[in-house]
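Encoded as structure tokens, the structure appears first; notes follow it.
Counting from 1, the numbers follow the sequence of the chain as shown.
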Amino acid sequence: MNAHIRFSLCATAMVLFAGTLHAGWTSSTGDPVADNEAMRSTGLFGAQLVLTTDDAALRKNWIATQATPVLPSTSHLTRGQHLRALILFHGCKANAFGYCNVVADYSIQSPDGTVTPIGTGPVWKGVPSKMGYLQLGQVSADVPFVSTSPSGIYTVRAVVRDTVANAVIPLANSRLVYTKP
């Protein structure tokens with residue numbers, strides 16, 4: 001697969017996360033939610049990998065919604081569409097100057113098992129959100145599929161690192177189906 005990554009800087013906002021964040025993820029009723037391959041936590045730091053073909057709509061919904069936003073995500077991609085990988089996170093640790101530094105390494109595994117690194121980029125460099133708030137990363141990874149990309153199930157991976165806390169969270173979405181028309 002011939003993939004490349006383009007990081008796109010976008011305005012972000014913070015959204016009140018359903019429930020109070022003690023450690024890990026919680027539901028709208030405050031009950032703990034178990035980690036899964038696309039959403040994990042370590043201590044107070046948590047991250048989620050979201051895939052979308054409509055980055056603009058996702059960011060618009062994120063900024064415009066006061067409550068928990070509806071985020072247009074995808075599990076199916078056809079030739080000509082561009083896949084965007086975004087990171088939602090909470091609980092990053094601030095350095096001595098009051099700033100977090102969260103980064104991610106992205107890769108994609110094709111149906112034949114070939115893993116292609118597609119880039120490293122910043123997720124968040126700034127002040128941490130208040131406890132109980134979820135943040136959308138400042139950048140997203142663009143993974144275009146080309147005419148030679150085989151149809152099948154792909155796995156997108158992101159290793160998210162809070163460099164201040166030395167926390168690492170490996171994430172994956174192994175449900176992406178790519179088809180050629």
Side-chain angles (χ1 to χ4, degrees), residues 4-28 30-52 54-73 83-108 117-143 155-173:
H4 71 280
I5 192 165
R6 179 184 67 207
F7 290 98
S8 169
L9 287 173
C10 296
T12 61
M14 293 179 281
V15 171
L16 178 61
F17 186 63
T20 302
L21 296 174
H22 302 301
W25 297 89
T26 57
S27 70
S28 60
D31 297 320
V33 175
D35 284 355
N36 60 54
E37 70 172 359
M39 182 177 76
R40 297 185 189 280
S41 60
T42 178
L44 293 176
F45 182 54
Q48 180 177 6
L49 175 63
V50 177
L51 304 179
T52 186
D54 196 347
D55 185 55
L58 186 144
R59 289 186 184 281
K60 180 180 175 185
N61 287 355
W62 183 266
I63 291 169
T65 305
Q66 293 296 326
T68 304
V70 175
L71 303 178
S73 60
L83 178 69
R84 305 292 292 209
L86 301 103
I87 303 295
L88 300 174
F89 68 98
H90 63 81
C92 63
K93 183 177 179 180
N95 62 18
F97 301 103
Y99 296 99
C100 293
N101 185 20
V102 179
V103 297
D105 299 311
Y106 295 92
S107 63
I108 189 162
I118 52 177
T120 297
V123 172
W124 185 260
K125 290 187 179 192
V127 296
S129 64
K130 293 178 184 176
M131 185 63 93
Y133 284 79
L134 185 63
Q135 291 178 267
L136 173 62
Q138 295 166 313
V139 298
S140 57
D142 182 22
V143 187
T155 299
V156 178
R157 291 183 179 17
V159 178
V160 182
R161 297 184 321 271
D162 178 341
T163 64
V164 177
N166 292 318
V168 178
I169 299 176
L171 301 172
N173 183 319

Answer yes or no: is there a donor N or O on one side and an acceptor on the other, between the side chain of R157 and the main chain of P170, under 3.5 Å?
no
Can you name the closest pair of heavy atoms from A47 and L171 and give their distance?
O-CD2, 3.6 Å
What's the verdict on side chain to side chain contact (heavy atoms under 4.5 Å, CB included) for I87 and L49, showing C-alpha distance, side-chain angles and the deciding distance?
CA-CA 5 Å; I87 303 295; L49 175 63; 4.0 Å; yes
Non-hydrogen side-chain atoms of V160 and R40 separated by less than 4.5 Å:
no
Any side-chain heavy atom of N95 sitting closer than 4.5 Å to one from N101?
no
Measuring only between side-chain heavy atoms, which start at C-beta, is V168 closer than 4.5 Å to T42?
no
Judged by atom type as modelled, is there a donor-acceptor pair below 3.5 Å linking the side chain of N61 to the main-chain atoms of P72?
no
Which value, rounded to the nearest 0.5 Å, describes the distance between T52 atom OG1 and L58 atom CG?
5.0 Å
V123 versus Q135: any side-chain heavy-atom pair under 4.5 Å?
no
Work out which heavy atom in R59 is nearest to a heavy atom in G137; give both atom names and the distance.
NH1-O, 3.2 Å
Give me the atom names and distance for the closest heavy-atom approach of A85 to L51.
CB-CD2, 3.9 Å
Spacing of L86 atom CG and S73 atom OG [to the nearest 0.5 Å]
10.5 Å
To the nearest 0.5 Å, tell me how far I169 CD1 sits from Q48 CD.
11.0 Å
Could you tell me whether the side chain of H90 and the main chain of M131 form a donor-acceptor pair under 3.5 Å?
no
Are the side chain of Q138 and the backbone of K125 linked by a donor-acceptor contact shorter than 3.5 Å?
yes
Look up atom CG in L83 and atom CD1 in I118, then write down how far apart they are to the nearest 0.5 Å.
8.0 Å
Is T120 close to Y106 at the side-chain level, that is, under 4.5 Å between some pair of heavy atoms?
no
With side chain to side chain contact (heavy atoms under 4.5 Å, CB included) as the criterion, how do V102 and F45 come out once you've worked through the C-alpha distance, each side chain's angles and the decisive distance to 0.1 Å?
CA-CA 10 Å; V102 179; F45 182 54; 4.1 Å; yes
If we check side chain to side chain contact (heavy atoms under 4.5 Å, CB included) with C92, which of these qualifies: D162, T163, V127?
D162
Side chain to side chain contact (heavy atoms under 4.5 Å, CB included) evaluation trace for V33 with M39:
CA-CA 10 Å; V33 175; M39 182 177 76; 3.6 Å; yes
Minimal non-hydrogen separation, W62 against L134, with atom names
CZ2-O, 3.4 Å
Got a donor-acceptor contact below 3.5 angstrom from the D35 side chain to the S41 backbone?
yes
